[in-house]
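Take a look at the structure set out below.
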Amino acid sequence: MLRRTARLVTALVMILSGAFVGTVATAGTAHADGCYTWTRTLSQGTSGADVTQLQIRLGGYPGYGSALAVDGSFGPATTAALKRFQSAYGLTADGVAGTNTYNKLYALQDDDCTPIHFSYSELNDCNTTWSGGAVSATTAKANALRTMWKLEALRHALGDQPITVTSGFRSYACNDSVGGASNSRHLYGDAADLGAGPHSLCTLAKQARYHGFRGILGPGYPGHNDHTHLDHRDSQYWSAPTCGI
């Protein structure tokens with residue numbers, strides 16, 4: 001009986017010791033939801049798929065008139081974007097992605113990697129497959145994700161009030177049905193039309209200049225008096241004359 005008791009005590013001690021060691025080993029590690037988990041601290045000079053994932057989420061913080069490259073290379077532009085993100089959420093703006101930064105990102109995303117205030121269904125009321133556009137369905141959906149993270153940054157900058165998306169991805173058939181331009185960015189999945197709500201169309205257009213949108217079309221531009229159009233085309237084109245843009 002004494003031997004059995006001793007063995008039980010020994011086993012219990014080993015279990016508790018293992019649990020303690022495991023706790024120490026993971027102390028300070030940020031745990032993600034079902035989307036993505038960063039496993040190392042990232043700073044200028046690092047590279048890899050984890051940097052790419054970070055850049056997607058920092059796409060809305062490149063600074064006025066700029067766009068952040070999603071290339072997996074942590075350079076000065078990524079550092080600056082990260083500092084802006086950290087400052088926007090009250091974190092230490094050191095340009096280093098660690099536990100506090102990751103925890104904030106985890107809190108801002110759903111399990112499908114979309115930001116908490118936007119969804120794939122909002123960015124695609126055309127079909128459920130993301131097919132039929134100017135790029136593959138995979139690319140169109142990836143472009144929409146990048147757009148949503150930029151919209152999340154725009155939303156936060158405007159006081160976290162709702163932003164209404166009235167149109168996102170379109171197949172050629174959907175684009176034709178609404179009279180869209182033959183080369184519309186909606187065909188690529190990287191465009192979003194915004195309707196007025198808590199913010200005027202001009203407020204949305206003006207603020208979007210700080211959040212990585214190369215394309216901004218709004219009031220005063222033909223066919224855009226009832227919405228503000230945003231996209232991330234290859235080169236900058238802004239036109240919303242009524243808004244002074």
Side-chain angles (χ1 to χ4, degrees), residues 47 49 51-82 84-85 113-115 118 120 122-124 126 130-154 157 163 165-172 174-176 178-194 201 204-224 227-241 243-245:
S47 61
V51 176
T52 298
Q53 291 294 327
L54 179 64
Q55 289 171 328
I56 290 170
R57 290 154 180 77
L58 296 179
Y61 292 91
Y64 181 89
S66 297
L68 181 65
V70 180
D71 57 7
S73 180
F74 200 129
T78 301
T79 300
L82 178 53
R84 293 187 188 96
F85 171 83
C113 299
T114 59
F118 298 92
Y120 281 118
E122 286 181 275
L123 271 289
N124 182 359
C126 172
W130 297 84
S131 61
V135 293
S136 71
T138 298
T139 298
K141 193 172 183 179
N143 285 343
L145 181 63
R146 291 175 60 185
T147 297
M148 282 186 272
W149 279 102
K150 293 181 180 184
L151 291 175
E152 185 70 26
L154 173 63
I163 289 177
V165 178
T166 60
S167 184
F169 167 76
R170 299 174 192 161
S171 66
Y172 279 105
C174 289
N175 192 57
D176 289 344
V178 297
S182 60
N183 62 342
S184 171
R185 296 306 307 183
H186 291 280
L187 297 166
Y188 296 82
D190 67 9
D193 290 347
L194 309 181
L201 297 179
L204 293 169
K206 289 178 179 179
Q207 187 62 43
R209 296 175 295 178
Y210 296 87
H211 299 292
F213 292 104
R214 291 194 180 101
I216 301 175
L217 304 175
Y221 185 83
H224 289 71
H227 68 279
T228 290
H229 168 97
L230 308 175
D231 64 57
H232 47 261
R233 63 188 67 194
D234 292 334
S235 58
Q236 182 175 300
Y237 185 81
W238 296 348
S239 182
C243 309
I245 298 175

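Note: hydrogens, waters and symmetry copies are ignored here, and every other heavy atom, side chains too, is used.
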- Message: Applying side-chain contact (heavy atoms from CB on, under 4.5 Å), can you list everything that pairs with Ala134, at least two apart in sequence or on another chain?
- Response: Tyr172, Leu187, Tyr188
- How long is the span from the CE atom in Met148 to the CZ atom in Arg146, to the nearest 0.5 Å? 12.5 Å
- Message: I'd like to know if the side chain of Arg170 reaches the main chain of Cys126, judged simply by a donor and an acceptor atom lying under 3.5 Å from each other, with no hydrogens or angles considered.
- Response: no
- Task: With sequence neighbours left out, write down each residue that passes side-chain hydrogen bond (donor to acceptor under 3.5 Å, both in side chains) with Glu152, or none if nothing qualifies.
- Result: His117
- Could I get the full list of side-chain hydrogen bond (donor to acceptor under 3.5 Å, both in side chains) partners for Asp176, not counting sequence neighbours? none
- Item | Closest approach of Thr147 to Ala192 (non-hydrogen atoms, all atoms of both residues) | CG2-CB, 4.0 Å
- Query: How far apart are the closest heavy atoms of Pro219 and Leu201, and which atoms are they?
  - Reply: CG-CB, 3.7 Å
- Task: Please report the shortest heavy-atom distance between Ile163 and Leu151, naming the atom on each side.
- Result: CD1-O, 4.2 Å
- Message: Measuring only between side-chain heavy atoms, which start at C-beta, is Val165 closer than 4.5 Å to Leu194?
- Response: yes
- Query: Looking at Val135 and Ala140, what are the two nearest heavy atoms and their distance?
  - Reply: CG2-N, 3.7 Å
- Supply the atom-to-atom distance Leu204 CG to Cys243 SG, rounded to the nearest 0.5 angstrom. 9.0 Å
- Message: Could you report the tightest heavy-atom contact between His229 and Ala191, atom names first, then the distance?
- Response: CE1-CB, 3.5 Å
- Contacts of Trp149 meeting ring pair (Phe, Tyr, Trp, His ring centres under 6.0 Å) (sequence neighbours excluded), chain-then-number -> none
- Sequence neighbours left out, what passes side-chain contact (heavy atoms from CB on, under 4.5 Å) with Ser136? Give chain and number order. Thr138, Thr139
- From Asp190 atom CG to Leu230 atom CG, the distance as rounded to the nearest 0.5 Å: 10.5 Å
- Note on the structure: Taken in chain and number order and not counting sequence neighbours, the residues that satisfy ring pair (Phe, Tyr, Trp, His ring centres under 6.0 Å) with His227 are His224
- Item | Ser131: side-chain hydrogen bond (donor to acceptor under 3.5 Å, both in side chains) partners, not counting sequence neighbours | Thr129
Which atom pairs, one a donor and one an acceptor, fall under 3.5 Å between side chains of residues 207-214 and the rest of the protein, sequence neighbours left out?
residue : atom : partner : partner atom : Å
Gln207  : NE2  : His211  : NE2          : 3.0
Arg209  : NE   : Lys206  : O            : 2.8
His211  : ND1  : Gly60   : O            : 2.7
Arg214  : NH1  : Arg233  : O            : 3.1

- Taken in chain and number order and not counting sequence neighbours, the residues that satisfy side-chain hydrogen bond (donor to acceptor under 3.5 Å, both in side chains) with Thr79 are Gln44
- Item | Under the ring pair (Phe, Tyr, Trp, His ring centres under 6.0 Å) test, residues paired with Phe74 that sit two or more places apart | none
- Query: If you round to the nearest 0.5 Å, how far is OG1 of Thr114 from OH of Tyr120?
  - Reply: 6.5 Å
- Query: Quick one: CH2 on Trp130 to CG on Asn143, what's the gap to the nearest 0.5 Å?
  - Reply: 9.5 Å
- Task: Could you tell me whether the side chain of Lys141 reaches within less than 4.5 Å of the side chain of Phe169, counting heavy atoms only?
- Result: no
- Message: For Gly168, is there any backbone N or O sitting under 3.5 Å from a side-chain donor or acceptor partner on His186?
- Response: yes
- What is the minimum heavy-atom distance between Ala144 and Leu123, and which atoms define it? CB-CB, 4.2 Å
- Query: With sequence neighbours left out, what residues match Arg57 under salt bridge (charged side-chain N to carboxylate O under 4.0 Å, His left out)?
  - Reply: none
- Message: I'd like to know if the side chain of Thr228 reaches the main chain of Gly218, judged simply by a donor and an acceptor atom lying under 3.5 Å from each other, with no hydrogens or angles considered.
- Response: no
- Partners meeting side-chain contact (heavy atoms from CB on, under 4.5 Å) with Ala81 (sequence neighbours left out): Leu58, Tyr61, Leu68
